[in-house]
Amino acid sequence: MILENNWRNKSIEALEKTNHGDTDTAPTGLVKHCFEYVKIPVNNLSVEQLRTLISQNIGLNYTIRLAFEILNENILAEGDLYEGDLLNSVINIDTHFWLQNKVLKDELAGIIERHKTLLNEHQIRFESFLN
């Protein structure tokens with residue numbers, strides 16, 4: 001997928017030309033948060049916001065690229081849950097996404113390979129993703 005030059009300055013809703021809904025009508029707290037996060041320019045999303053969107057398979061064409069940048073700098077980056085929760089969310093994306101995005105899967109495999117020792121030290125399981 002070819003991205004616009006200024007994609008980082010746009011929200012997921014603007015990039016995908018969608019409207020996810022009104023936060024006032026969200027049926028759950030998680031959905032409300034997602035409705036809020038898709039309105040934020042992607043470059044301004046926090047690790048926790050990225051983790052949440054990724055775990056819900058929202059805006060993956062954009063959020064995954066930002067997650068890779070963060071994971072390259074800190075493989076154990078964490079949102080609000082635990083050390084390494086961003087990586088865990090990325091690893092657990094629906095396999096359909098990875099099948100359609102082999103280049104991105106290979107990029108993530110490379111990031112994991114470079115940090116294997118640290119991941120093992122922190123008992124973060126990644127083997128199923130590599131297989």
Side-chain angles (χ1 to χ4, degrees):
M1 172 179 194
I2 298 175
L3 301 176
E4 302 173 32
N5 287 336
N6 62 343
W7 68 272
R8 293 170 182 273
N9 299 318
K10 294 182 178 182
S11 69
I12 291 170
E13 282 193 338
L15 291 162
E16 294 181 344
K17 297 174 179 51
T18 59
N19 182 344
H20 283 76
D22 183 5
T23 57
D24 294 333
T25 60
T28 68
L30 175 60
V31 173
K32 180 179 180 174
H33 289 306
C34 291
F35 285 178
E36 292 170 356
Y37 301 163
V38 295
K39 296 175 186 342
I40 298 171
V42 293
N43 210 36
N44 294 341
L45 292 168
S46 69
V47 172
E48 175 60 17
Q49 291 165 333
L50 276 174
R51 185 201 63 76
T52 300
L53 290 170
I54 290 168
S55 69
Q56 297 303 308
N57 292 309
I58 297 173
L60 292 178
N61 288 320
Y62 309 99
T63 55
I64 199 69
R65 287 165 169 78
L66 293 175
F68 283 9
E69 291 175 14
I70 293 167
L71 293 171
N72 268 313
E73 293 291 317
N74 178 9
I75 195 71
L76 300 174
E78 64 183 290
D80 291 348
L81 299 179
Y82 54 87
E83 196 172 47
D85 63 3
L86 178 61
L87 176 62
N88 190 50
S89 291
V90 171
I91 287 173
N92 288 301
I93 290 172
D94 181 29
T95 55
H96 183 72
F97 176 82
W98 296 122
L99 291 172
Q100 291 185 322
N101 294 280
K102 177 97 171 81
V103 171
L104 291 174
K105 183 175 184 181
D106 291 346
E107 185 176 343
L108 180 56
I111 293 169
I112 290 170
E113 286 292 334
R114 285 191 298 279
H115 296 93
K116 241 183 188 176
T117 303
L118 184 60
L119 293 172
N120 284 325
E121 288 171 4
H122 285 81
Q123 299 179 345
I124 295 175
R125 304 282 53 104
F126 53 84
E127 295 82 3
S128 61
F129 176 80
L130 295 178
N131 296 330

Peer 1: Which heavy atom of Thr52 sits nearest to which heavy atom of Cys34, and what is that distance?
Peer 2: CG2-SG, 4.0 Å

Peer 1: Any donor-acceptor pair under 3.5 Å linking the side chain of Asn43 with the backbone of Asn9?
Peer 2: no

Peer 1: Hey, could you give me the CD/CG distance between Glu16 and Leu60, rounded to the nearest 0.5 Å?
Peer 2: 8.5 Å

Peer 1: Is any side-chain N of the basic residue among Glu107 and Lys105 closer than 4.0 Å to the acidic one's carboxylate O?
Peer 2: no

Peer 1: Testing the 3.5 Å rule here: is there a donor-acceptor pair between the side chains of Asn72 and Arg114?
Peer 2: yes

Peer 1: Ring-plane angle category for Trp98 and Phe129, please: parallel below 30°, perpendicular beyond 60°, tilted otherwise.
Peer 2: perpendicular

Peer 1: Would the distance check show the side chain of Glu121 and the main-chain N or O of Leu118 forming a donor-acceptor pair, the cut-off being under 3.5 Å?
Peer 2: no

Peer 1: What residue among Ile111, Leu76, Leu108 forms side-chain contact (heavy atoms from CB on, under 4.5 Å) with Leu87?
Peer 2: Leu108

Peer 1: Do you reckon Ile93 sits in the same ILVMFWY cluster as Ile58, going by side-chain contacts under 4.5 Å, direct or chained?
Peer 2: yes

Peer 1: Decide whether Ile54 and Leu104 are clustered together by the hydrophobic rule: side chain heavy atoms of Ile, Leu, Val, Met, Phe, Trp, Tyr closer than 4.5 Å, transitively.
Peer 2: yes

Peer 1: Can Leu130 be reached from Phe97 by stepping across I, L, V, M, F, W or Y side chains whose heavy atoms are under 4.5 Å apart?
Peer 2: yes

Peer 1: OG of Ser55 to CG of Leu50: how many Å apart, nearest 0.5 Å?
Peer 2: 10.5 Å

Peer 1: Between Glu69 and Arg8, is there a salt bridge with N-O shorter than 4.0 Å?
Peer 2: yes

Peer 1: Membership question, hydrophobic clusters at under 4.5 Å side-chain separation (ILVMFWY): are Tyr82 and Val47 in the same one?
Peer 2: no

Peer 1: Indicate yes or no for a side-chain donor-acceptor contact from Glu48 to the backbone of Asp80 under 3.5 Å, with no hydrogens or angles considered.
Peer 2: yes

Peer 1: Look up atom CD in Glu113 and atom CG in Asp106, then write down how far apart they are to the nearest 0.5 Å.
Peer 2: 11.0 Å

Peer 1: Do the side chains of Ile91 and Leu66 join up, straight or via other hydrophobic residues, at under 4.5 Å, putting them in one cluster?
Peer 2: yes

Peer 1: Looking at Thr63, Leu86, Val90, which one forms a side-chain contact (heavy atoms from CB on, under 4.5 Å) with Arg51?
Peer 2: Leu86

Peer 1: Does any N or O in the side chain of Asn44 come within less than 3.5 Å of the main-chain N or O of Ile40, such that one atom is a donor and the other an acceptor?
Peer 2: no

Peer 1: So how far is it from His115 NE2 to Ile124 CD1, rounded to the nearest 0.5 Å?
Peer 2: 11.5 Å

Peer 1: Distance check, rounded to the nearest 0.5 Å: Leu99 atom CG versus His96 atom NE2?
Peer 2: 7.5 Å

Peer 1: Out of curiosity, Tyr62 OH to Leu45 CG, how far, rounded to the nearest 0.5 Å?
Peer 2: 13.5 Å

